[in-house]
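What follows is a single structure, written as structure tokens, with notes after it.
Predicted, not measured: the structure shown is a model, and the values here were computed from it. For ligands, and for the atoms within them, numbers begin at 1 and follow the listed sequence.
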Amino acid sequence: MFAAEKHDEKLFKQPSPLEDCPICFLQLPYLDPMGKKYMTCCGKSICSGCYYAPVYDNQGNKVDNKTCPFCRTQTPTTDEESVERLKKRFEAGDAKAIFNLGCDYRDGTDGHRQDHTKALELFHRAAELGDAKSYGSIGYAYLHGRGVEVDKKKAMYYYELSAIGGNTVARYNLGNDELRAGNMNRAVKHYMIAAGSGLSESLEHIQHLYSNGYATKDDYMKALQLYQAYLGEIKSAQRDEAAAFSEEYRYY
Ligand SMILES: [Zn+2]
Ligand SMILES: [Zn+2]
């Protein structure tokens, strides 16, 4: 097989689902930061439904819950405490914590001085530990010259790694890039995968391409099916309840 074909075979594969919520065991939504919360106590990502779910005492009365629904650690009461906990997760080699710290250095938030070189170093570390979003952040740095010289080729290389690892936003950006370049076939392929990972915008793009003759009806039907199947995996009454309570818990 030719190298380009091999590359495409890897690139256009539907990524495996993200981890499940450790409490209800349902698939976590792909889209960040929707529908899930990263816990700095135990490093678990918990779904919005389980995070919001009311807690009852022995008499069946609702109690004010101030503990992590997974490990029962008290939730931090101050920003300093949150930062301290994230630091501990970082020291434990938690990829998500390393990524979060990278974002703090990139944006100059949470008491960190903006430092693009340091941010990139952290993104590389988290990416090596399997954090797909970090590859996307490296791609972004190359695209816009943050801490490195602008290099479009490298940017695309990292966006592809991110998309292969399951970052739906990177996948969508690749689709947009192919669309701008007039490669409709490749754009549809990217949007198809993004639809199967819950990005409704990519479904709309395929519909638009279909009505303009750049995609087939079968393409659109398949994308719709993939999107519905995704919803079937992630929807639950408990998550709906949380979403009805607050926009913060919206998950698709
Ligand atoms: Zn859950
Ligand atoms: Zn916890």
| query | Between Ser197 and Gln14, do the side chains contain an N or O donor and an N or O acceptor separated by less than 3.5 Å? | reply | yes
| message | Ring of Tyr38, cation from Lys96 - is the NZ or CZ under 6.0 Å from the centre and inside 45° of the axis? | response | no
| How wide is the angle at the Zn ion (ligand 1) between SG in Cys47 and SG in Cys21, to the nearest 10°? | 120°
| query | Given SG of Cys50 on one side and SG of Cys24 on the other, what angle do they make at the Zn ion (ligand 1), to 10°? | reply | 110°
| task | Side-chain contact test, heavy atoms from C-beta onward, threshold under 4.5 Å: evaluate it for Tyr191 versus Leu179 and give yes or no. | result | yes
| note | Rounded to 10°, the SG/Cys68 to the Zn ion (ligand 2) to SG/Cys42 angle comes out at 110°
| request: For Ser82 and Asp79, test the side chains for any donor-to-acceptor distance below 3.5 angstrom and give the result as yes or no. | output: no
